[in-house]
Protein chains: 2
Amino acid sequence: MPLMPAKPEYPHDHAQCSSDALAEAQRICARRGVRLTETRQKVLELIWGDHAAVKAYDLLEQLSGPGRAVRPPTIYRALDFLLENGLIHRIESLNAYVGCPQPGGQHSSQFLICDACSIVIELTGTDVVHAVADEAASHGFEITRQTIEVHGLCGPCAARHAEEAPVP
Amino acid sequence: MPLMPAKPEYPHDHAQCSSDALAEAQRICARRGVRLTETRQKVLELIWGDHAAVKAYDLLEQLSGPGRAVRPPTIYRALDFLLENGLIHRIESLNAYVGCPQPGGQHSSQFLICDACSIVIELTGTDVVHAVADEAASHGFEITRQTIEVHGLCGPCAARHAEEAPVP
DNA sequence: TTTTGTAATGTTATATTATCACACTTACGT
DNA sequence: ACGTAAGTGTGATAATATAACATTACAAAA
Ligand SMILES: [Zn+2]
Ligand SMILES: [Zn+2]
Ligand SMILES: [Zn+2]
Ligand SMILES: [Zn+2]
């Protein structure tokens, strides 16, 4: 049976979660002297719609309206801005974008990605980063950027699957 | 100064390296009862042209000739076959494909990618994998697939850069 | 306040990466 | 030889992303 698509299950006050992220983004932009313009803020809000990664062209549709046809460069510029300022991450294995829950801080870029409900969980532990750094060092390699994307089933989805296909 | 593009520096007998990979691919396909057809083998050879990741449309050009216009599905089918049988890997952060030096064996999918010379080094260590597994387990996450792509400068390129921009 | 330079956005077109659908051919067991 | 499944050819199109250039909005300087 293929994975059943579902909405990310992540019991929390997401309205709060989202508005915190927006407020933090405003603080960070103010501190850095960069402008969180209306388009940029709108894109960030849409990305924070839930904890799944969002595709650029979905943002395009959502941002376009009856009287307003938004074009790709608008979206990609906003995404570039948000990426440069550490407010979002790009998930390479999905060609999609997700909000960063710790903007301004460390950006180790490690993600757990549920292929059933699409939730993206950003990890903050240092063990993986250290292991990678050690491996790289042993090859004389100087790291500038890491992409660690782990696909599978999140806790709730794994449980649901075990339930639907029990091993007797 | 931006990165100076260069050819991967990796002193070894690549003709041997490449032909070993091809021979191993043939063994694996025979053992698995799948067919390494001419197109598939040609694509694999092109991918093994060096140790950089190759783009699908570059393969398309290389495979096309005066009298032969190869279309995208041809390439993507061959790539799909090679991916399914563990003979190549896809580098998500580059939208490109690279030969697997240990086909048939473990596929932890950890890569060091030099942004100067484009060489892709596949890691085989287990420390990173274990660290990732631990992190995932602590979130109740069931892993199906990992993407670990580390960008930076390989040893030779890092040395060259240090030389060109010395710190006095 | 007006000027003026830069950042941001709008607009058109195009590049890059990938898949679909359907016809046709080839390989292979019977 | 025949039937079937796998593989390939072909044309169209989807999905993702950028280039190039015109226009507008903003804010600091004059
Ligand atoms: Zn939330
Ligand atoms: Zn899930
Ligand atoms: Zn080699
Ligand atoms: Zn290099």
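Side-chain atoms are counted along with the backbone in the values below, which use heavy atoms only and exclude waters and symmetry mates. Convention: sequence-line order gives letters A, B, ...; per-chain numbering from 1.
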S.K.: Once you round it to whole Å, what is the distance between P of C:dA18 and CD of A:Glu92?
M.R.: 12 Å
S.K.: Could you check, using the six-membered ring where one of them is a Trp, whether A:Tyr97 and A:His89 have ring centers closer than 6.0 angstrom?
M.R.: no
S.K.: Once rounded to the nearest 0.5 Å, what's the spacing between atom CG of B:Asp115 and atom NE2 of B:His151?
M.R.: 5.5 Å
S.K.: Need one value for B:Arg35: base, sugar-phosphate or nothing, where a base atom within 4.0 Å counts as base even if backbone is also close, heavy atoms only.
M.R.: sugar-phosphate
S.K.: Report yes or no: does B:Arg145 contribute a side-chain atom to a donor-acceptor pair with the main-chain N or O of A:Val150 at less than 3.5 Å?
M.R.: no
S.K.: If you walk 5' to 3' along DNA chain D, what is the first nucleotide with an atom under 4.0 Å of a heavy atom in chain B, and what is the last?
M.R.: D:dG7 to D:dG11
S.K.: Check for a donor-acceptor pair, side chain of A:Asp50 on one end and backbone N or O of A:Ala52 on the other, with a separation under 3.5 Å.
M.R.: yes
S.K.: Between C1' on C:dA8 and CD1 on A:Ile75, what's the gap in Å once rounded to a whole number?
M.R.: 15 Å
S.K.: Of A:Ala78 and B:Leu94, whose closest DNA chain C nucleotide lies nearer the 5' terminus?
M.R.: A:Ala78
S.K.: Pick base, sugar-phosphate or nothing for A:Tyr97, based on heavy-atom distances below 4.0 Å to the nucleic acid.
M.R.: sugar-phosphate
S.K.: Which sits closer to the 5' end of DNA chain D, A:Asn95 or B:Arg40, going by the nucleotide each is nearest to?
M.R.: B:Arg40
S.K.: Whole angstrom is fine here: how far is it from CG in A:Leu79 over to P in C:dT9?
M.R.: 12 Å
S.K.: Tell me: NZ of B:Lys55 to C1' of C:dA15, nearest whole Å?
M.R.: 12 Å
S.K.: Quick one: do the A:Glu149 and A:Ser93 side chains pair a donor with an acceptor below 3.5 Å?
M.R.: yes
S.K.: For B:Asp80 and C:dT17, give me the distance from atom CG to atom P, rounded to whole Å.
M.R.: 16 Å
S.K.: Tell me the interatomic distance from A:Tyr76, atom OH, to C:dT16, atom C1', rounded to whole angstroms.
M.R.: 11 Å
S.K.: Using OP1 and OP2 only, check whether a side-chain N or O of A:Thr37 sits under 4.0 Å from C:dA8.
M.R.: no
S.K.: Nearest-Å distance, CZ (A:Arg71) to C1' (C:dA15)?
M.R.: 17 Å
S.K.: Applying the side-chain contact (heavy atoms from CB on, under 4.5 Å) criterion to A:Gln62, which one of A:Val70, A:Leu46, A:Val43 satisfies it?
M.R.: A:Leu46
S.K.: Sub-3.5 Å donor-acceptor pair from the side chain of B:Thr147 to the main-chain atoms of A:Ile148, do we have one?
M.R.: no
S.K.: What is the distance from CD1 of B:Ile91 to P of C:dT17, rounded to the nearest Å?
M.R.: 15 Å
S.K.: Let's test your reading of the model: under 3.5 Å, does the base of C:dA15 pair with the side chain of B:Tyr57 as donor and acceptor?
M.R.: no
